[in-house]
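What follows is a single structure, written as structure tokens, with notes after it.
Order of the sequence lines sets the chain letters (A, B, ...), proteins ahead of strands, with each chain counted from 1.
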Amino acid sequence: LESDRQQPIEFGAESLQGTVTANGTTRLSGGFWLDQGSLRIRGEQSTVYRENGAVVRVVLDGTPATVEQDLDSGGRMHAEALNIDYRIGSEQLELNRDVVIIQPEGELRGQRLRYDIGSGEVEGGGSGSGGVRMRIEPKPAAGES
Amino acid sequence: CGFQLRQELALPAGLDAIRVETGDPYGPLQRRLEQALQRAGASTAAGSPAVLRVLNARIEQKPLSIGIGGRVQEYLLQYTAEIELLDGAGRAILPRQSLELEREYRFDTADALGSPGEEEVLREDLERAMGEAILRRVDAVLRG
Amino acid sequence: QPLSADDPTWRLCGGNPGFGWMAPLRPLDDADQAIQLEAGAVSGSIKGVSRWEGGVTASQPGRRIAAEQLDYTHGSGDYRATGDVRYQDAQLALQAQSAAGNLGRRQSELDAVDYRLIAARGNGSAERIRLEGELAVLFGLEYSTCNPDDRAWALHARQLELDRAQGFGVARDATLRVGQVPVLWVPWISFPIDERRRTGLLFPSLGYADETGIDVRVPWYLNLAPNMDATLTPRILGRRGVMLGAEYRYLTERHGGIIEGNWLPDDDLSGRDRGSLRLRHTGVLSSFWRVDADLNHVSDDRYFEDFGDSLTARATSLLESRAGLYGRGPGWQASVLTRDFQITDPLVPDSAEPYRQLPRARFALDRSLGSLWRYGFDAEAVHFDHDEAGAPSFYQRGAAQRYDLQPWIELDFERAAGYVRPRLAYRYTGYQLSDDFLRGIEECPIIDCAFGPPRLWPNRSPSRALPISSFDAALNFERSTRLFGESMLQTLQPRLYYLHVPFENQDDLPLFDTQPLTFGWDQLFRSNAFSGADRQTDANQVTLALSSRWFEQDSGRERLGLAIGQIRYLDPPRVGLERTLPPRRSESAYVAMADVAITRSLSLGIGQQWDPEIDRTTVSGARLQWRGERGALGNLGYRYRRAELEQVDASFALPLGEAWRWIGRWNYSLRDEGTLEAFAGIEWQSCCVAVRVLGRHYVRNRESDKNNALYVELELKGLASFGRNTGQFLERAILGYSR
């Protein structure tokens with residue numbers, strides 16, 4: 001949601017390396033979590049990037065790591081993969097290996113996908129990447145002929 | 001010379017209740033077959049598991065010989081049917097086989113009067129003969 | 001029209017052509033109805049339009065579309081695909097350059113298409129195809145049932161609608177090309193794409209015969225409703241003019257019928273109008289009663305000679321029309337029907353036309369009494385009428401009613417070892433003659449009586465009443481034996497049939513529908529020698545008969561049957577049709593029969609009658625039939641009836657390899673020293689074409705004029721047959737032949 005970025009951000013994990021400074025990176029491991037408004041990120045370990053005190057990017061791994069958020073266009077988005085790179089400012093998600101993106105239009109699966117939560121822009125697959133699949137539920141509005 | 005009077009037929013276990021299916025439940029063929037099976041000791045109730053089935057029984061009239069005047073001199077009446085006898089478990093006691101009986105009759109244009117009548121008499125003879133032919137086959141395979 | 005892909009007609013095609021990439025589809029009733037998109041890569045927005053590339057497949061239950069690249073609009077479900085587009089559903093498979101449509105609504109339009117029908121036998125190419133549920137519309141197309149790489153024929157059309165729900169195709173602005181030669185252009189045609197539809201015969205048929213010259217038919221098939229169709233067939237006859245044929249067929253759940261008519265105004269050869277009409281209807285009224293009508297009328301007695309198609313039609317001398325109600329129930333049968341006859345043989349005078357029966361009512365009861373006795377009665381009431389044009393003989397004119405009642409009782413004692421069946425019946429037959437029957441000489445108009453004393457009928461209600469008693473008995477012997485090297489069960493049955501009917505003078509009974517029955521095996525055991533009720537034989541006779549049969553032990557199939565029988569007249573029968581006494585006989589002709597199934601494919605049937613009183617064979621018939629595989633067939637027959645006919649008949653249908661088949665018949669009358677019928681034909685067929693050429697020489701009319709005819713038939717398998725339909729003709733001409 002657009003409004004998520006005005007919400008306070010909280011995150012944590014069992015252990016912490018590096019300093020929590022206004023600028024710079026912090027590595028966390030052992031059950032990483034991050035919440036901001038309707039945004040919920042979960043993973044095993046992650047690297048959080050901060051600029052002027054604001055968290056601008058999170059790179060996390062998990063089996064799988066997940067990102068969920070309500071969408072301005074209605075409904076909720078759930079994305080998971082073994083590795084996710086989330087640029088919170090631009091709502092850009094980069095997901096690698098065993099990627100699943102579930103949102104109202106359907107379910108997207110693949111090995112390498114980039115996804116813009118706001119616009120729904122998606123880009124992925126490519127040679128040697130094992131392809132990409134999508135399931136689209138039949139719309140009652142469309143009316144089966 | 002080895003001939004002896006035919007013995008009463010002991011119907012094998014699976015065939016003590018046989019339903020007859022001829023496609024014409026009140027026709028002479030159905031009655032003749034049911035009558036013979038009852039006499040051989042079988043019940044012919046409609047729901048019986050075993051079935052004696054007469055399929056696509058058809059009587060067809062064809063010209064047998066055509067004279068020099070291009071007109072029929074003899075008609076052929078041909079009765080074709082297929083029969084099969086299945087026991088209660090659906091096994092074919094009498095494998096599906098076809099039967100064909102024929103009768104010829106003259107057609108003389110001078111006395112065309114009686115020709116339709118003769119055809120009807122022959123149809124009755126054929127119905128009787130088909131009943132006997134089917135029973136002979138059933139009897140032969142059961143005694144075999 | 002064998003349409004389904006696995007019909008034997010296509011056995012020369014080497015399987016139904018498809019595409020290499022075809023694969024099983026998701027089941028239609030799959031619980032998961034979602035659209036599944038799969039590709040190498042995706043881009044664009046899954047809220048707007050996403051682009052899928054690198055071997056895209058979009059699959060739904062029962063359908064699949066594959067392409068190099070596909071754009072999908074998530075909101076509406078529209079799609080656009082390009083690059084080696086492949087579409088497949090249960091009935092159709094396509095390859096196209098590009099496609100667009102809506103996956104949700106199962107609509108698509110594809111361009112530059114190669115298509116294959118899957119369930120049926122049809123394939124070809126089209127500039128564009130529009131798929132919408134069960135309807136496929138092709139534009140700028142080519143259609144054929146031949147294999148793609150071997151185009152013996154093809155139909156090129158501006159537009160073709162394949163309605164897979166109804167099962168037929170409608171093409172517009174269609175040109176038929178045989179090889180590369182355009183053979184025919186048709187503005188509008190419809191043809192079947194599955195076997196539900198009848199013939200889609202849309203194309204003209206071509207024939208030639210000496211009498212009519214060229215014979216071209218151009219049928220139009222109108223599919224009026226799922227259960228109604230009609231065919232209009234204008235027919236151009238070289239020497240006669242233009243005849244219009246029409247056939248209308250209808251079918252409901254319990255009734256069905258055909259109305260068929262032909263009309264040739266002002267036939268050039270005979271200078272009068274010619275035509276025929278036929279109504280055929282059958283219907284089930286209840287579990288006991290049904291209605292059946294077969295009404296026929298032709299314009300003149302040479303109609304069949306000139307226009308009859310089938311062998312049977314041409315040879316008909318007596319055309320019967322019959323309509324009635326038929327009933328059958330437990331132990332009873334009944335019928336009420338009207339019958340009329342028309343003579344279709346110029347040598348038969350109108351007076352020989354059988355009496356009309358308006359109506360004839362019959363009722364027969366046959367009940368059992370305990371396990372031994374059976375009783376019942378046969379009753380018939382008929383109103384006879386004859387149109388004034390020609391009474392059977394000017395001695396016997398006018399209408400009359402006849403009542404025939406025959407109650408009977410029978411002891412039916414039957415065991416495996418044999419049976420005894422005494423039977424007693426009492427037959428009463430009475431008449432009510434109309435006033436047209438001449439009572440006395442004074443009533444006789446001069447012209448009728450000028451030639452001599454007419455037949456007078458003083459008794460207005462003559463009648464006859466006789467007891468008929470018979471005794472039928474047989475013993476069944478059997479033994480196991482061997483025949484043709486196999487173990488067989490042989491039966492032997494001596495049978496005796498005694499018949500007693502006292503003599504009664506029946507000269508005062510008119511003759512309405514009675515003639516002597518053809519003497520043969522069944523006549524040995526009948527209680528009357530005449531058909532109809534106007535004459536009842538007097539009898540004091542014994543029939544002795546002996547029959548023996550050999551059955552295969554395992555299958556019960558009969559391999560050999562022999563029978564011989566004769567009637568011994570203790571008192572010579574005296575009832576005849578004419579008033580004169582029939583010649584005194586003490587014994588009937590011997591009747592002997594033999595039927596041998598020599599092998600599985602070779603069978604021989606012989607029937608012989610030999611009259612000891614004149615020491616001559618009176619009837620003789622023999623037929624040898626051979627059946628091979630793939631419809632191979634051979635018949636050799638001989639028929640002899642003393643002073644009536646003697647002919648030989650040889651016919652064969654021999655396949656030569658997979659594609660060729662020879663058919664032929666030669667029917668020669670020894671008595672008239674002339675060929676009655678001779679034809680020879682060759683049939684060549686490939687995967688989707690069959691060509692038949694048949695030359696026929698036959699007796700055309702009463703004056704024994706011979707006629708030569710040539711039938712040429714080009715069958716475009718699955719589309720139509722083009723030329724005289726020889727199949728129907730052959731089925732009558734060669735005994736046992738079926739295509």
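- Annotation: the span from C:Ser50 atom OG to A:Glu123 atom CD amounts to 12.5 Å, rounded to 0.5 Å.
- Taking CZ of A:Arg109 as the reference point, atom CD of C:Glu38 lies at 11.5 Å (rounded to 0.5 Å).
- The part of A:Gln103 that comes within reach of chain C is its side chain, from C-beta onward, which places non-hydrogen atoms under 4.5 angstrom from that chain.
- The side-chain heavy atoms of C:Gln36 and A:Ile136, taken from C-beta on, include no pair separated by under 4.5 Å.
- In this structure the side chain of C:Lys47 never reaches within 4.5 angstrom of the side chain of A:Val122, judged on heavy atoms.
- The minimum heavy-atom distance between A:Ser119 and C:Ser45, with the atom names listed, is O-OG, 3.2 Å.
- With a 4.5 Å cut-off on side-chain heavy atoms, A:Val132 and C:Leu37 do not count as touching.
- Summarising the local packing, CZ of C:Arg80 is surrounded by 12 or fewer heavy atoms from other residues, nucleotides or ligands at distances under 6.0 Å.
- Counting heavy atoms from C-beta on, the side chains of A:Met134 and C:Ile46 come closer than 4.5 Å.
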